[in-house]
Amino acid sequence: MRSVLLLCVFACMVFAKSSSTPKTVPSKGTDLILQSAGSNENTFVNGELVSVLRKNVVFKYDDLTFKSESATWWRTKGIVQFTDKVFASRKGQSLLCNSMRYERSRDDLTATGNVQYCDSVKNLSVKGDRCRYDLKSKQCYLDGNPKVIQIDTSITPVETLSIVAASMIYDDSLKRVNANTSIILNKGKLKTTCDSAQYDSKSGVAKLRILPKMYYDEQQLKGDSVDLLFRNDTLRNAIISGNADGLYVEIDKRDTSRTVVLGDSMALAISPDGFMDSVQVYRNVRSTYTHTANTKAQNKVTGKEMLVSFADSSKIKQAKVYGNAVSNYTIEENNAATGTNMASGDTLAVWFNEGKATRLRVLGSVRGTYHPQ
């Protein structure tokens, strides 16, 4: 009886080795199904049936297809190690890597070596040295220099949004990226840094947390948290909450001006052509305005709320301050300070031309004093 059993096992092994398209059916639930291979050599290792597959190896898992030039399959354990030209795909998505390991007990895939994932529907790709993909939750855990890239084809020339971090989790169902530690997000004129971030490619919202800093053109912003709002993959708004701190630099051939704005929170709007449109500052507004040609002529404004409007090419056009507005404005003649004018009221408006304040208007409960120098 024992000889008959051994003979049957040997016959099965010979058949599997000679078959060009061996197949197996999972015992229960979703599992990898071998569709084809150029060759299949079976051996027993410590009581485990191990299949070594070569040339045009193809497996299926639900709607996923896996291809490679070689694979080792531990059948009882439900483990497959893919090597050599590893490629995985489903509709609109693909993944390339040097090697990949599937484990049935964990229901996950681990890809290593030059990992490249692409979502053609969202024009989004993920690159890294290593990733683990949970087949049930459809979450991809990345470390080893991970980078997310999204191509914005709605504008000309085409822009690329990139996110790099120490580690990331990409949710394939929600199309959402969670990044941690040493994060850099770049897109066109925009550059941000922080230590915790979430980017939702469906809603176009990026949430930056833990020491977020934002650089856009000549604007620098920071606060407790920063939310970036993209529309059709183009940055349109930024919201800074908690200890909002903004610096705006306007460079001119003759002079350079620096505007510092502080408040509890701040909202930034970007025009469709990519230039600054407006900045709204809320609660406890403090602002200073100086020129490099005459640093002693420092203008200060305080109030409850402030709206700064910009003209073409992000040049400051007007600033309005609401609620207990107070202005200390230095009168200049020939780039020399001649006196300081202090004005207060319910509302204060300042108009600018070529980066310099040219007109001041105060409305409601107006008070003012002038101190010559």
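For reference, positions follow the sequence shown, starting with 1.
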>> Run the side chain to side chain donor-acceptor pair (under 3.5 Å) test on D84 and S70 for me, step by step, so that the C-alpha distance in whole Å, both residues' side-chain angles and the decisive distance to 0.1 Å come before the verdict.
In response: CA-CA 6 Å; D84 192 6; S70 62; 4.9 Å; no
Nearest atoms (heavy-atom pairs only) where [X] meets [Y]:
X	Y	result
Q81	R101	OE1-NH1, 3.2 Å
S137	S173	O-OG, 4.3 Å
V58	L34	O-CD1, 3.5 Å
L348	S327	CD1-CB, 3.1 Å
A165	A179	CB-CB, 3.8 Å
S271	D277	N-CB, 3.9 Å

Would [X] and [Y] show up in the same hydrophobic cluster when neighbours are defined by side-chain heavy atoms closer than 4.5 Å?
X	Y	value
L174	V121	no
F82	L64	yes
L95	F87	no
Y282	V308	no
I210	V205	no

Contact check, side chains of [X] and [Y], non-hydrogen atoms, under 4.5 Å:
X	Y	value
L135	D108	no
R132	R106	yes
N42	V50	no
M306	V261	yes
L307	S278	yes
V52	T43	no
L190	L185	yes
K304	N324	yes

> Would C140 and I169 count as a side chain to side chain contact (heavy atoms under 4.5 Å, CB included) if you check the C-alpha gap in whole Å, the side-chain angles of each, and the deciding distance to 0.1 Å?
Replying inline: CA-CA 5 Å; C140 185; I169 301 175; over 6 Å; no
Is it true that [Y] and [X] share a donor-acceptor pair across their side chains at a distance under 3.5 Å?
X	Y	result
Q198	N178	yes
K317	S309	no
D107	Y61	yes
Q139	D171	yes
S99	T83	no

Answer yes or no: is there a donor N or O on one side and an acceptor on the other, between the side chain of [X] and the main chain of [Y], under 3.5 Å?
X	Y	answer
D134	K136	yes
T347	Y322	no
R236	I270	yes
R209	V226	yes
E69	V57	no
S182	A166	no

> Does the ring of W73 carry R104 above it, NZ/CZ under 6.0 angstrom from centre and within 45° of its axis?
Replying inline: no
> Restricting to pairs with a member in residues 167-207, which pass ring pair (Phe, Tyr, Trp, His ring centres under 6.0 Å), not counting sequence neighbours?
Replying inline: Y117-Y170
With rounding to the nearest 0.5 angstrom, report the [atom1] to [atom2] distance, [X] to [Y].
X	Y	atom1	atom2	answer
S36	N56	OG	CG	7.0 Å
S265	E305	OG	CD	9.0 Å
M100	F59	CE	CZ	12.5 Å
N186	L161	CG	CG	8.5 Å
D143	M168	CG	CE	11.0 Å
C194	I183	SG	CD1	4.0 Å

Charged N-O contact under 4.0 Å between [X] and [Y]:
X	Y	value
D200	R176	yes
K175	D119	yes
R283	D264	yes

> Could you go step by step and tell me if N284 and R286 meet the side chain to side chain contact (heavy atoms under 4.5 Å, CB included) rule?
Replying inline: CA-CA 6 Å; N284 300 316; R286 292 98 66 204; 3.7 Å; yes
Which pairs of donor and acceptor atoms, one on a side chain in residues 239-246, lie under 3.5 Å apart (sequence neighbours left out)?
unit_1: N243; atom_1: ND2; unit_2: D224; atom_2: OD1; d: 3.2
unit_1: N243; atom_1: ND2; unit_2: D224; atom_2: OD2; d: 3.2

>> Let's go through S51 and R75 carefully: what are the C-alpha distance in whole Å and the side-chain angles of both, what is the deciding distance for side chain to side chain donor-acceptor pair (under 3.5 Å) to 0.1 Å, and is it a yes or a no?
In response: CA-CA 7 Å; S51 299; R75 296 197 178 209; 2.8 Å; yes
> Among L235, L221, L228, which residue meets the side-chain contact (heavy atoms from CB on, under 4.5 Å) test with Y216?
Replying inline: L235
> Considering residues, nucleotides and ligands other than K60, do more than 12 of their heavy atoms fall under 6.0 Å from its NZ?
Replying inline: yes
> Has K189 got more than 12 heavy atoms of other residues, nucleotides or ligands less than 6.0 Å from its NZ?
Replying inline: yes
> Which of these, K138, R90, K91, sits in a salt bridge (Lys or Arg N to Asp or Glu O under 4.0 Å) with D63?
Replying inline: R90
>> K147 vs V126, test: side chain to side chain contact (heavy atoms under 4.5 Å, CB included). Steps then yes/no.
In response: CA-CA 6 Å; K147 184 176 184 178; V126 181; over 6 Å; no
>> Is there a side chain to side chain contact (heavy atoms under 4.5 Å, CB included) between Y133 and T110? Walk through the geometry before answering.
In response: CA-CA 6 Å; Y133 184 78; T110 301; over 6 Å; no
